[in-house]
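Here the structure comes first, spelled out in structure tokens, and everything after it is commentary.
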Amino acid sequence: MAERGLTIAEFRRRLSVWFSSRARDLPWRRGVDPYQTWISEVMLQQTRVDQALPYFERFVDAFPDVRALAEAELDEVLLNWEGLGYYGRARNLHLAARQVVRDHGGQIPGTYDGLKQLPGVGDYTASAVGSLAFGLPEAVLDGNVIRVLTRYDAVPDDVGRSPVRRQLRRRAQALLDPTNPGTHNEAMMEVGATVCTPRNPRCAECPIQSGCAAHLVGSQEQYPVKAQKAPVPEVQVAVAVIEREDGRLLVQRRPPSGLLGGLWEFPGGKIEAGESPAEACAREVREELGVEVHPIHEITVIRHAYSHFRIVMSAWSCRLASGVPATTNGEPCLWVTRDQLADFAFPRANRRLIELITQETD
DNA sequence: CATTCGTGGCA
DNA sequence: TTGCCAAGAAT
């Protein structure tokens, strides 16, 4: 492809000069620790820097190296991940850490293929960790780079399509500065995150503006082209806050995979058609724990959006009528004090409910 | 190739 | 209030 505006050498140079003065001071950039690079890249999957920042500090403090992470309990890892979302990332980090200790003597693999074999490490993360921590000449292709390149080349095709992704990856690889792949990759993502933003891009501050095909005709906000997503359905949910005579509350652990896998929660579930929230509450507790409860009063209603659906959660204060709760799915359930609720990883919607019931006298 | 998997910020 | 979307991976 013949280059417009900027030669590849000029592209690399302008990007490099810009990044040398505009790079944000981020904690995982202060040293070159493959472990920290790995943790940060996993945290940054589908997650903004501002949101990941406090989690990174806390996580590497709690688990300073691969061995510490490998020796930790999953519950402890999830507790440190609580609120960050996509909890499969935390489960995979934990699995991968044990794999690294068992199969690689505690050393993070320094090759693209070695990295990709770790659970939770895909094309992007293998390229990112490989280039940043080990200097491998692998171009990253994340949402930032896709946005920068589709604007730079005015790519009219749907970036969700595999052939388009492959072409973009080749383009990124051709532009990659082989003398400093890690810094080049970071610079590309930094441009996307701070200048070439989805809305209101700061083209006047862009180091590669003079080569940008979209900016030439003012169409930068039309890229990247994406197929529109289906609207998210809304689900009505009822949960039971069951309080025992001694004040302890009943919580259970979710199955180890799937939505919010491994997190703890108050029992409950979907409200079926024609069913009241209180009825659903009692039925779910009966099905999940084999006991009868009396819903006393509705504590609150919490609306919450997940990635592909949203819920309206009706929370009910309940009394145990009879029986000893035991889960029917083999996962543990526990009577815990209100203070102990801080020691278990809960989904966001549950945590908001906990904030309510622990600050009031109920 | 399409779907599943969180959360918070922003217009 | 709603929709969009952000340093993707697994299935």
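Just so we're on the same page: letters track the sequence lines, and every chain starts at 1. Just so you know, these numbers come straight off a predicted model, no measurement behind them. Both backbone and side-chain heavy atoms feed into the values below; hydrogens, waters and symmetry mates do not.
Proximity of A:S162 to the phosphate of B:dC1: a side-chain N or O atom is located under 4.0 Å from OP1 or OP2. For A:Q46, a side-chain nitrogen or oxygen approaches OP1 or OP2 of C:dG8 to under 4.0 Å. An OP1 or OP2 oxygen of C:dA6 is reached within less than 4.0 angstrom by a side-chain nitrogen or oxygen of A:R147. Taking side-chain N and O atoms only, A:H304 has a distance below 4.0 Å to OP1 or OP2 of B:dT7. Side-chain N/O atoms of A:R161 include none lying less than 4.0 angstrom from OP1 or OP2 on B:dC1. When the side-chain nitrogen and oxygen atoms of A:Y87 are compared with OP1 and OP2 of B:dT7, one or more of them lie within a distance under 4.0 Å.
Counting non-hydrogen atoms under 4.0 angstrom, A:G83 reaches the backbone sugars and phosphates but no base. Counting any heavy atom pair closer than 4.0 Å across all strands shown, A:V140 reaches no nucleic acid atom. Base contact: A:R48 has a heavy atom under 4.0 Å from a base atom. Residue A:D50 is out of contact with every strand shown, counting any heavy-atom pair closer than 4.0 Å. Among the protein residues, A:R24 comes within range of the nucleic acid bases, having at least one heavy atom under 4.0 Å from a base atom. Using a 4.0 Å heavy-atom cutoff across all strands shown, A:G160 reaches no nucleic acid atom at all. Counting any heavy atom pair closer than 4.0 Å across all strands shown, A:A52 reaches no nucleic acid atom. If you check every strand for non-hydrogen atoms under 4.0 Å, A:L132 touches nothing. Here A:R169 lies out of heavy-atom contact (under 4.0 Å) with every strand. Residue contacts for A:L260: at a heavy-atom cut-off of 4.0 Å it reaches the sugar-phosphate backbone alone, with no base atom in range.
For C:dG8, the base has no donor-acceptor partner in the side chain of A:T47 [N/O atoms by modelled type, under 3.5 angstrom]. For a distance-only test at 3.5 Å, the side chain of A:Y86 qualifies as a donor-acceptor partner of the base of B:dG6.
As rounded to the nearest Å, C:dC4 and B:dT3 have P atoms that lie 16 Å from one another. Spacing of C1' atoms, B:dC1 relative to C:dA6, comes out at 23 Å, to the nearest Å. Straight-line distance between the P atoms of C:dT1 and B:dG6: roughly 24 Å, to the nearest whole Å. For the P atoms, the distance from B:dG8 to C:dA9 is 22 Å, rounded to whole Å.
Between A:P224 and A:I146, the closest heavy-atom pair is CB-CG2, 4.2 Å. The two residues A:W316 and A:P295 make their nearest non-hydrogen contact at CE3-CB, 3.7 Å.
Salt bridge A:R14/A:E10: absent, no basic N to carboxylate O contact under 4.0 Å. Between A:R24 and A:E186 there is no salt bridge, since no side-chain N of the basic residue sits under 4.0 Å from a carboxylate O of the acidic one.
Here the P atom of nucleotide B:dA11 and the CG atom of A:N200 are 8 Å apart, to the nearest Å. Summarising the geometry, the separation between OH on A:Y223 and P on C:dC5 is reported as 16 Å, rounded to the nearest angstrom. Rounded to an integer number of Å, the gap from A:F346 CZ to B:dT7 P is 13 Å. Rounded to a whole Å, the CD atom of A:E221 is 12 Å from the C1' atom of B:dA11. Rounding to whole angstrom units, CD1 of residue A:I39 and C1' of C:dG8 are separated by 16 Å. Residue A:L115 contributes atom CG, which lies 17 Å from atom P of C:dG8 at whole-angstrom precision. Counting to the nearest Å, the P atom of B:dG6 and the CZ atom of A:R351 are 16 Å from each other. A straight line from CG of A:L44 to P of B:dG8 spans 16 Å, rounded to a whole angstrom.
Between A:P163 and A:L259, the residue anchored nearer the 5' end of DNA chain B, judged by the nucleotide with its closest heavy atom, is A:P163. Heavy-atom nearest nucleotides on DNA chain C were determined for A:R310 and for A:K116, and the one closer to the 5' end corresponds to A:R310. Toward the 5′ end of DNA chain C lies the nearest nucleotide of A:V49, the other residue of the pair A:V49 and A:P119 mapping further downstream.
At a threshold of 4.5 Å between side-chain heavy atoms, the hydrophobic network of Ile, Leu, Val, Met, Phe, Trp and Tyr places A:F56 and A:M189 in two separate groups.
When distances run from any side-chain atom of A:Q51 to the nucleotides C:dG8, B:dG8, B:dC1, the shortest one goes to B:dG8. Distance from the side chain of A:H308 is smallest for B:dC5 among the nucleotides C:dG8, B:dC5, C:dG3. Side chain of A:R199, nearest nucleotide from B:dC5, C:dG3, C:dT2: C:dG3. Between C:dA6, B:dT7, B:dC5, one nucleotide has an atom nearer to the side chain of A:K226 than all others, and that is C:dA6.
In this structure, a donor-acceptor pair under 3.5 Å is absent between the side chains of A:R352 and A:T300.
Annotation: A:F309 is in aromatic contact with A:Y306 [ring centroid separation under 6.0 Å].
Here CZ of A:R338 is found 12.5 Å from CD of A:Q340. Values are rounded to the nearest 0.5 Å.
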